[in-house]
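Have a look at the structure below before the remarks.
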Amino acid sequence: MKHASMNKKVILEAKGLTKTYGHVTALNKADIKLYKGEILAIIGDNGAGKSTLIKALSGALVPDSGVIFLDGKKVHFKNPSQARARGIETVYQDLAVAPALNIADNLFLGREILRPNFLGKIFRLRHTAAMLHQAKQHMEELKIGIQSMRQEVSTLSGGQRQAVAVCRSAAFARHLIIMDEPTAALGVKESSLVLELIRKIKSRGLSIIVISHNMPQVFAIADRIHIQRLGQREAVINPKHYSMSDAVAIMTGSKKAHTQAA
Amino acid sequence: MSVLRSFLTKPTVGPFVALVLASVFFSTQSDRFLTASNFSFILQQVMVVGTLAIGQTLIILTKGIDLSCGLIMAFASIVMTKLAVDTGLHPLLATLIGIGAGGMFGFINGFLVTKLRLPPFIVTLGTLNIAFALTRIYSTTAVVDLPYLQIALGNTFSIGKTNITYGVLVMLALYLLVWYVLAATPTGRHIYAIGDNPESARLLGIRSNRLLLAIYTVAGLIYGLAALLLVARLNVGDPQAGQTANLDSITAVVLGGTSLFGGRGHILGTLLGALIVGIFRNGLQLMGVSAIYQVLVTGLLVIIAVSVDQLSREKN
Ligand SMILES: Nc1ncnc2c1ncn2[C@@H]1O[C@H](COP(=O)(O)OP(=O)(O)OP(=O)(O)O)[C@@H](O)[C@H]1O
Ligand SMILES: [Mg+2]
């Protein structure tokens, strides 16, 4: 069987990632592979190690063992800033924004723009106007309809917050964006907004890893589906060749995949 | 009621109204309250607690609390005065070592909070006692005959009929500096973010632990500076000082509208809060209320302020 992905470039690959918490093995020699420009969905039961896997990829935790290659080069992230510096942006489950800050401050948190002259260099004065302006541009680019970048994030709806988190990642990612259940807390309308954002980001040539429990959504947007089970990669399937019930059966261990989508 | 509540929860409006109401009340109770000399006196009294409250604000903004600030100040004041008077060090060196001792205590607090992940409440309760004991071990009696350098900030100049202590200017300058850092620099945004949710801030790319450690250390240095103001005001190094300053500084911060739940608050609100505490102390004194009732009122004030904080959170 021929896959479109075969002649594509591998952007991220990890092999044998292991992470234990006391007696709990969250990751048990897990592998993952991501091609340039694709959307890879990760599915799996609660506790299958999905969040732990992407945290290892994004520097939020350091795995006990295993190797990660970015663009063919071995990388070793000690914290999220290091992964971010290499162009990997992540929207974490439940922790994706700073509610007390406004939208612009959220987008630029940790990489604020300073005034160009001595005010920035010596007095570390933030360039609020520039950040507000650029924030508005980024938000408009993704067609997120929020008027004021000065609005505090705690006053936004769940979907709008998630849109801010996604926009923050999209604005700065150079290689890939990782999203952990970006639609979990959202209603139907807000979910489709976020899915739309994900497609827009893909159309810019970025690669995306997205964790989700929502099978219809996964089958609607994913190029390939990574099935995580008991801390390992159980299978990778092409959504065109499998039904949702097959995917769920593989996920729960009642069925084996007959082909692997590379 | 909701109008009143939203009014009270506006950042600095609530504290300002409370300040005005308290002033009006006390001026009806005592003719001496609204005089220039009394105003100078209040400012002088507020200078020490007001400075401590700056460090306290930074820590409370990060969802922490510092019970040790008053006794760190007492320790620093004994170190600087004793080194200058008894050991005979150059006054400037002695003063810097004293301020450094405050910084060291702050660093220890920060180290225990970040590296060992202990709750700030317990850590600072421990260092409170350590600082208290070390102060007494080092000196049981007041240190007198201080060098000019250590009391210079207690001198005054006058604007009209009001005498202003130089130490008050130091305090105000520190407020301006911290206001600038919080409002206008990246570090300020990061402080609010880690107070809001430390794990989320870490994941968003902020080195939370490093920043927290720095905040506790800076707070310690500020307590060291407050020690110098204290010494300048009292003209002695007093090992008994600072014992009610913990609660006073926390009261000032909370009255000023900074949330004990972290991530929200204004440093200039703290200045208003410190003034409110000072005005209550002073007003009750002028009314002839005995000292123990002043303590009672401070206790009530802090509980009222915390309740307003809690109510405004529930509303959101
Ligand atoms: N910080 C931690 N301390 C202890 N155990 C943890 C920790 N983080 C994860 N685990 C455990 O590791 C396993 C994998 O957790 P993980 O969060 O990766 O699962 P998940 O696939 O993302 O689940 P969900 O779908 O519920 O989000 C679980 O058994 C979990 O309890
Ligand atoms: Mg998860």
Side-chain angles (χ1 to χ4, degrees), chain A residues 51 54-55 58-61 77-86 88-115 119-129 131 152-156 161 164-165 168-169 172 178 180, chain B residues 6 9-11 57-58 60-63 114 173 176-214 218 257-267 269 309 312-316:
Chain A
S51 294
I54 62 108
K55 279 185 177 161
S58 68
L61 61 81
F77 301 133
K78 289 204 195 71
N79 56 49
S81 326
Q82 290 182 354
R84 186 160 288 139
R86 299 291 300 272
I88 300 179
E89 288 290 323
T90 309
V91 179
Y92 294 93
Q93 192 168 9
D94 308 327
L95 296 164
V97 287
L101 304 185
N102 70 27
I103 295 173
D105 288 342
N106 259 277
L107 290 193
F108 288 94
L109 191 66
R111 46 197 156 201
E112 290 81 1
I113 302 175
L114 296 178
R115 292 291 177 113
L119 287 173
K121 290 200 186 79
I122 299 169
F123 296 105
R124 313 232 348 110
L125 183 63
R126 291 183 306 128
H127 200 334
T128 323
M131 287 189 282
E152 202 177 280
V153 165
S154 67
T155 64
L156 297 175
R161 278 188 207 203
V164 169
R168 173 187 151 91
S169 305
F172 293 99
I178 302 173
D180 195 349
Chain B
S6 73
T9 52
K10 269 261 174 345
T57 305
L58 291 174
I60 290 182
L61 275 179
T62 69
K63 230 191 228 120
T114 55
L176 277 181
L177 179 69
V178 172
W179 168 78
Y180 177 82
V181 170
L182 285 177
T185 72
T187 309
R189 294 299 90 186
H190 301 173
I191 291 174
Y192 281 102
I194 65 173
D196 212 11
N197 188 333
E199 178 59 7
S200 166
R202 186 184 79 87
L203 292 175
L204 288 170
I206 288 168
R207 311 271 299 268
S208 307
N209 276 351
R210 213 175 51 165
L211 181 56
L212 266 182
L213 186 60
V218 166
T258 295
S259 170
L260 281 177
F261 305 98
R264 278 155 213 270
H266 293 269
I267 188 70
D309 180 19
S312 75
R313 263 172 67 89
E314 278 169 10
K315 199 188 67 170
N316 293 336

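So you know, we letter chains A, B, ... as the sequences are listed, proteins then strands, and number each from 1.
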Counting only heavy atoms closer than 4.5 Å, note whether [X] contacts chain B via side chain, backbone, both or neither.
| X | answer |
| --- | --- |
| Arg84(A) | side chain |
| Leu114(A) | side chain |
| Gln93(A) | neither |
| Val97(A) | backbone |
| Arg168(A) | side chain |
| Phe123(A) | both |
| Ser58(A) | neither |

So CG of Asn209(B) and CG of Asn79(A): to nearest 0.5 Å the spacing works out to 11.0 Å

Starting at CZ of Arg264(B), measure out to CD of Glu152(A) and round the result to the nearest 0.5 Å.
-> 4.5 Å

Report the option among Gln82(A), Glu89(A), Arg126(A), Glu112(A) that has the most heavy-atom pairs separated by less than 4.5 Å from atoms of chain B.
-> Arg126(A)

When only heavy atoms count and the cut-off is under 4.5 Å, which of residues 176-184 of chain B reach chain A?
-> Tyr180(B), Ala183(B), Ala184(B)

Per-residue contact mode, Arg207(B) against chain A (heavy atom under 4.5 angstrom) | side chain

Are the side chains of Leu101(A) and Asp196(B) in touch, meaning some heavy atoms are under 4.5 Å apart?
-> no

Between the side chain of Arg202(B) and the main-chain N/O of Pro80(A), is any donor-acceptor distance below 3.5 Å?
-> no

Taking every heavy atom of Ala193(B) against every heavy atom of Ala98(A), the minimum-distance pair comes out as CB-CB, 4.3 Å

